[in-house]
Structure formats: structure tokens, C-alpha cells
Amino acid sequence: MLAALGGAGFLILIIMMIYLGSKLETLEDQLAYQPPVTAVLAPGNSAPLRAVEKDANTIYVPVYSHIYAKGGKPVLLETTLSVRNTDPANPVTLTSIRYFDTQGELVQEYLDGENELGPLESTEVLVQKRDSRGGSGANFIITWHADNPVHHPLAQAVMVGNADQHSISFLSAGRRLGIRISR
């Protein structure tokens, strides 16, 4: 009798694990990364970058496709760039999200056209861990504009990676670029 109850309990446990496992897969599917429309540019095919574009604002975000540890051993990182409209009442329009490598060469343009972010809306770009084209000195340049006065958007990058049995994650904040000052 105890063996039958134990077997029934084990069967119920297996059924529950299968059910919960399918729910977890559903949640993972819902959270799967959905990239914006991407335009890939050939090397050396970069558009000139102006300090301040007409009717636009510019944000610089430093990122890293890898960092070094243990005497120079590279640790690959996956980067999520998040661009957030902080204005609660007005949209902002992203006109460009460009990814540059350590040498300042354009690697990829992440927008094909414009992308309007509604009030408090966000968008993100993923640079996968296996994409090391940016190097340890990579960066994003984001340009945007708005038809009305707005709070400036917030741009941040979260980098995550692991080495051996340790994980690393850190945040890099965007910086608003202004007009160049000359002497």
C-alpha cells in the first residue's frame, strides 16, 4: 500500500514538473528578444557623424563586447542597449542607433528609418555575446528628435558575461553630446 501511494505521489510530481516546465518555456518565449529592423552596412561605408544634427539630439553610450581578466584573457559579454522615452506626455523619434567599434568604424546601423517611442515607451538593441566586432572600446551613437519640448531620453547599456563559474554584469550610462567647443 505504501509503495502504491509513493508511486502515485511520484507520478503526480512528474506531471507537475512537466506542467511547470511548459509554463516556464512559455514565459521564456514571451521574454525572447525582439530586435528592431536592422540595416547591415559594409565595412568603410559609414555616414559622417556630425556633432549635433539639425533638429536632433545625440547620445553616446560606451559598451564592451569583451573585457579582460586573469592577465589579459578576454571575457565575452552580451550587451542590451535600452533607450527610454522619459517624457510622460510626448513621443520622441529615434532617427539612428549606430554601433561603432574600438577604432571608431561603423559596425552596424540598428534602425532602418525612424522609430517613434510613445510616452514612457522603451526599445532595446541586443549585441549577442558571440558578436565581438565592437571590441573592448565599442559604443553606440543614438540620435533623436521631438516635435514638442520633452524630457531627454535615457540610454543605458547592460553588459553580462561569465568566466569559469563567475558571472559579471554592469551598467554603462549614456551621455548627451552637445556642440563641440573650440579654443
Side-chain angles (χ1 to χ4, degrees), residues 24 27-40 46 49 51-53 56-111 114-146 150-180:
L24 181 58
L27 177 62
E28 287 174 344
D29 291 339
Q30 291 173 354
L31 296 177
Y33 174 69
Q34 300 294 320
V37 177
T38 302
V40 177
S46 62
L49 179 64
V52 176
E53 298 187 15
N57 291 288
T58 306
I59 304 170
Y60 172 88
V61 186
V63 297
Y64 307 84
S65 68
H66 62 276
I67 57 173
Y68 299 102
K70 296 186 178 181
K73 181 181 174 188
V75 177
L76 298 177
L77 302 172
E78 189 151 277
T79 300
T80 302
L81 172 74
S82 177
V83 183
R84 299 165 181 259
N85 179 1
T86 63
D87 198 279
N90 295 293
V92 298
T93 301
L94 301 178
T95 56
S96 181
I97 300 176
R98 291 175 281 186
Y99 182 51
F100 292 86
D101 68 12
T102 302
Q103 289 74 37
E105 295 294 322
L106 181 63
V107 173
Q108 189 164 345
E109 167 65 57
Y110 279 91
L111 286 183
E114 295 185 342
N115 182 12
E116 183 176 279
L117 296 180
L120 302 177
E121 187 177 0
S122 300
T123 191
E124 56 277 325
V125 167
L126 177 69
V127 180
Q128 295 183 2
K129 183 162 82 169
R130 67 178 177 265
D131 184 352
S132 61
R133 296 176 295 167
S136 61
N139 60 79
F140 282 96
I141 299 287
I142 303 156
T143 56
W144 64 275
H145 69 84
V150 295
H151 297 287
H152 285 271
L154 175 66
Q156 298 175 316
V158 178
M159 277 115 337
V160 297
N162 54 16
D164 300 326
Q165 294 185 7
H166 301 323
S167 295
I168 183 171
S169 64
F170 57 97
L171 178 78
S172 182
R175 177 179 177 180
R176 195 169 108 204
L177 299 180
I179 299 172
R180 291 187 188 133

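- Atom NE2 of H145 sits about 9.0 Å away from atom CG of L94, to the nearest 0.5 Å.
- Distance check, rounded to the nearest 0.5 Å: CG of N139 to CZ of R175 gives 12.5 Å.
- Taking 4.5 Å as the limit, every side-chain heavy atom of T95 sits out of range of all side-chain heavy atoms of L111.
- Under the 3.5 Å distance criterion, the side-chain polar atoms of T86 are matched with a main-chain donor or acceptor of H152.
- Of the possible donor and acceptor atoms, one in the side chain of T102 sits under 3.5 Å from a partner among the backbone N and O of G134.
- At least one donor-acceptor pair closer than 3.5 Å links the side chain of N85 to the backbone N or O of G118.
- Side-chain atoms of R84 and L117, non-hydrogen and from C-beta on, never get closer than 4.5 Å to each other.
- In this structure the side chain of V83 never reaches within 4.5 angstrom of the side chain of V92, judged on heavy atoms.
- One distance of note links OG1 of T123 with CD1 of I142; it measures 10.0 Å at 0.5 Å rounding.
- Of all heavy-atom pairs between S65 and S132, the closest is OG-O, 3.6 Å.
- Scanning all heavy atoms of the two residues, the minimum distance from P91 to V150 falls at O-CG1, 4.0 Å.
- Expressed to the nearest 0.5 Å, how far CD of Q156 lies from OG1 of T80 amounts to 11.5 Å.
- Distance check, rounded to the nearest 0.5 Å: CG of N57 to CH2 of W144 gives 4.0 Å.
- Inter-residue side-chain proximity for P88 and H151 is flagged as met; some heavy-atom pair is nearer than 4.5 Å.
- Nearest heavy atom pair, residue P74 against residue H66, reads CB-CD2, 4.2 Å.
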**Prompt:** Hey, mind stepping through V63 and V127 against side chain to side chain contact (heavy atoms under 4.5 Å, CB included) and telling me if it holds?
**Reply:** CA-CA 10 Å; V63 297; V127 180; over 6 Å; no
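- Looking at heavy atoms from C-beta onward, S96 lies in side-chain contact with E109 at the 4.5 angstrom threshold.
- Residues E78 and Q128 come closest through the heavy atom pair OE1-CA, 3.3 Å.
- At distances below 3.5 Å, not a single donor-acceptor pair connects side-chain atoms of E124 with backbone N or O atoms of S82.
- No side-chain heavy atom of R130 sits less than 4.5 Å from a side-chain heavy atom of L76.
- The minimum heavy-atom distance between Y68 and G72, with the atom names listed, is CD2-O, 3.3 Å.
- Going from atom CD of E105 over to atom CZ of F100 covers 9.0 Å, rounded to the nearest 0.5 Å.
- For the pair V125/F140, a side-chain contact is recorded, criterion being any heavy-atom separation below 4.5 Å from C-beta on.
- Between S172 and V61, the closest heavy-atom pair is O-CG1, 3.9 Å.
- A 4.5 Å side-chain heavy-atom check between I141 and L177 finds at least one atom pair inside the cut-off.
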**Message:** Pair F170, L77 - check side chain to side chain contact (heavy atoms under 4.5 Å, CB included), show working.
**Reply:** CA-CA 10 Å; F170 57 97; L77 302 172; 3.8 Å; yes
